[in-house]
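Data first, discussion second: the structure below is written as structure tokens.
Chain A is the first sequence line, chain B the second, and so forth, proteins listed ahead of strands; every chain is numbered from 1. Fair warning: this is a prediction, and the values are worked out from it, not measured in the lab.
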Amino acid sequence: MHDIRLIRSNPDAFDAALARRGEGPRAQEILAIDESRRAKIKASEGAQAERNAASKLVGAAKASGDEAEFERLRALVASKKDEQAALEDAVKAEEARLTGLLEVLPNSPYDSVPDGADEADNVEINRWGNPRNFSFTPVEHFEVPAAAAGLDFETAAKISGSRFVVMKGAMVRLQRALAQFMLDTHITKHGLTETWVPVIVRDEAMYGTDKLPKFGEDSYQTTNGWWLIPTSEVPLTYTVAGDILSDADLPIRMTAHSQCFRSEAGSAGKDTTGMLRQHQFEKVEMVSITKPEDSDAELERMTKCAEGILEALDLPYRTVVLCTGDMGFGARRTHDIEVWLPGQNTYREISSCSTTGDFQARRMNARFRRADGKPEFVHTLNGSGLAVGRCLIAVVENYQQEDGSITIPAVLQRYMSDAQTISTDGQLI
RNA sequence: GGAGGAGUGGCAGAGUGGUCGAAUGCGGCGGUCUUGAAAACCGUUGAGGGUUUACGCCCUCCGGGGGUUCGAAUCCCUCCUCCUCCGCCA
């Protein structure tokens, strides 16, 4: 949510930021409503003050036995009450209009974010590792025999439909190993606190993390109105909703491993083969809550945490800063990490780390207090560390062998009974 | 699922129709005392909004929403949350 005072104090900057995200100017319209809203607040409060004053005199008139005065004041209070009620309704209507406008406007990008229309305009800021030289033509993950032995899309379709998978044997073991390795690394090396959260949440949590009202169709809702989380960013970030934290509590750094659910509305026909884009997938998420002055450094730190996982797995990647046109709704700056997929002969997104500044904090009223200071909004950041399913794909494709087997990355072997290979028929050896 | 009970300031906890944004205690902050600290004593200490150059003034908030009343923390309705007991259950 945008800060109305900021818009008031610099409407041109607000519109300029919107323009960078491809939105038309809105400041004039917003400020007109704001002005009308404030005028109505003034009128409403004035009527309320008069009502309060008269109301105080009623008791005194009654006590002194002045029945005429008592009745006169009573009538006055009653009329002021009606007047005030009408004015207050007008205030609420204006506030609803204002909120309705603001809550669907995307966050303002930082100056450091490159302008651009789509992913073609993203700017690479880091590249690590060299894609392996294959003595054969590498194939996609679902075509690698050792992986194909454990991936069953037909059965998944029978149970649930398209964009689901049933995994068996070594594949699931590998996925579990990856998640464990990511969590353990974040906990022991990166200092994040492992957190376990609900995957079913209320409206408020979705709204507070800017998934509602605009992106409801991207997520699933239960019949009683709860939402299946599209990412554990939602429950993790919402842990601090409504709180006034002490500055000594910050930063808060959390990590969670959870199932994520996405309807993938609008991506029909995209990535339909394999398990790159699923309705249900696993993700290890990182969320940080910081003081405003610390969030830029925290984004760098978080990005490094995610990159560290890929480096430990010896998977080549590049990191890009998303341009204004490719950035998500709530982000001020986003780093995407793209892992090399030899089967697709390209880099594909495996992590996205964003700072929202105080955008989410305003929506969920998450604040902190410095010694002797007034409450201030925290900054919130979120990032994948990493998408487990996509990491599984990356391991399969990068570690595939000519005979159809898969070599297990060294750091994962201890999670897989010290096996070194997944054989062509899907056995650990 | 059934039956009860409860949600008040950072925390604990009074307040059951007006003088209550709210006693008291703890905690925090400032001060007196002290070489320093502790103790004791004194003072101070919620949030949001409107308005003002500013000092300040005004409005709202006692879990959320609605209602009764001249007047609501207090009465009524409703929702949410927590607790206790029973039932069921991973």
Side-chain angles (χ1 to χ4, degrees), chain A residues 1-9 30-99 101-103 196-208 212 221-227 235 238-250 252 258-259 289 358 361-378:
Chain A
M1 187 74 76
H2 287 281
D3 181 2
I4 184 67
R5 286 169 213 233
L6 215 60
I7 302 175
R8 219 183 278 155
S9 67
I30 288 167
L31 290 182
I33 297 172
D34 180 48
E35 205 165 302
S36 143
R37 168 186 147 260
R38 284 189 292 157
K40 290 186 164 81
I41 286 173
K42 230 168 139 178
S44 166
E45 289 188 350
Q48 181 72 50
E50 288 180 63
R51 179 187 168 196
N52 289 347
S55 196
K56 273 199 171 141
L57 298 173
V58 170
K62 184 75 176 172
S64 70
D66 188 343
E67 276 302 319
E69 181 66 0
F70 174 71
E71 289 302 333
R72 188 189 71 81
L73 287 167
R74 237 173 97 142
L76 178 64
V77 171
S79 78
K80 281 293 166 193
K81 183 187 176 183
D82 291 342
E83 183 186 334
Q84 192 269 333
L87 288 165
E88 196 178 296
D89 285 347
V91 169
K92 282 185 182 168
E94 290 297 80
E95 280 174 349
R97 272 178 76 198
L98 191 60
T99 305
L101 264 179
L102 290 178
E103 71 189 0
W196 192 88
V197 287
V199 298
I200 302 181
V201 301
R202 301 169 179 279
D203 272 346
E204 290 90 324
M206 290 287 279
Y207 182 87
L212 290 178
Q221 197 167 22
T222 67
T223 51
N224 68 341
W226 289 334
W227 296 87
Y238 207 70
T239 55
V240 298
D243 288 349
I244 300 180
L245 303 161
S246 154
D247 62 348
D249 298 334
L250 302 175
I252 295 172
S258 84
Q259 303 288 328
I289 313 294
D358 61 7
R362 283 178 186 282
R363 285 178 167 244
M364 64 174 72
N365 199 24
R367 295 171 292 172
F368 78 103
R369 195 200 301 272
R370 302 177 203 270
D372 277 347
K374 291 292 247 181
E376 300 172 53
F377 288 109
V378 296

Exercise for review: Would you please confirm or rule out a distance under 4.0 Å between OP1 or OP2 of B/U60 and any side-chain N or O of A/Gln48?
Suggested key: yes

Exercise for review: Rounded to the nearest angstrom, tell me the gap between atom NZ in A/Lys40 and atom P in B/G49.
Suggested key: 20 Å

Check your understanding: For the pair made of CD in A/Glu88 and P in B/G48, what is the distance, rounded to whole Å?
Key -> 20 Å

Practice item. Determine, for A/Asp243 against A/Arg367, whether the closest basic-nitrogen to carboxylate-oxygen distance falls under 4.0 angstrom. Key: no

**Study point:** Pair assignment for B/C33, Watson-Crick or G-U wobble, requiring both distances under 3.5 Å
**Key:** none

Check your understanding: So which one's nearest nucleotide on RNA chain B is more toward 5', A/Ile41 or A/Ile244?
Key -> A/Ile244

Review point. Rounded to whole angstrom units, what separation is found between the CG atom of A/Asp89 and the C1' atom of B/G67?
Key: 14 Å

Check your understanding: Within the pair A/Arg369 and B/G46, is there a side-chain N or O less than 4.0 Å away from OP1 or OP2?
Key -> no

Check your understanding: Atom CZ of A/Arg37 and atom P of B/G49: how far apart are they, to the nearest Å?
Key -> 9 Å

Check your understanding: For A/Leu87 and B/C59, what is the distance between atoms CG and P respectively, to the nearest whole Å?
Key -> 15 Å

Check your understanding: With a cut-off of 6.0 Å (strictly less than), are more than 12 heavy atoms of other residues, nucleotides or ligands near CZ of A/Arg97?
Key -> no

Revision key, fill the gap. Residue set satisfying salt bridge (charged side-chain N to carboxylate O under 4.0 Å, His left out) with A/Glu204, at least two apart, ordered chain then number -> none

Check your understanding: For atom P, what is the distance between B/C83 and B/G46, given to the nearest Å?
Key -> 31 Å

Practice item. Run the salt-bridge test on A/Asp34 and A/Arg37 with the 4.0 Å N-O cut-off and return the result as yes or no. Key: yes

Practice item. Using both distances under 3.5 Å as the test, list the Watson-Crick or G-U wobble partner of B/G25, or none. Key: B/C11

Practice item. Compare side-chain N and O positions of A/Arg38 against OP1 and OP2 of B/U51 and report whether any pair is under 4.0 Å apart. Key: yes

Check your understanding: Rounded to whole angstroms, how far apart are CG on A/Asp249 and P on B/G10?
Key -> 15 Å

Check your understanding: Reckon A/Arg5 has a side-chain N or O less than 4.0 Å from the OP1 or OP2 of B/G50?
Key -> yes

Check your understanding: When the distance from CD of A/Glu50 to C1' of B/C57 is rounded to whole Å, what number comes out?
Key -> 15 Å

Exercise for review: Please report, rounded to the nearest Å, how far the C1' atom of B/C58 is from the NZ atom of A/Lys42.
Suggested key: 11 Å

Review point. C1' atom, B/U68 versus B/A73: distance in rounded Å?
Key: 16 Å

**Study point:** Where A/Val199 and A/Gln259 come nearest, the two heavy atoms and their spacing
**Key:** CG1-O, 4.0 Å

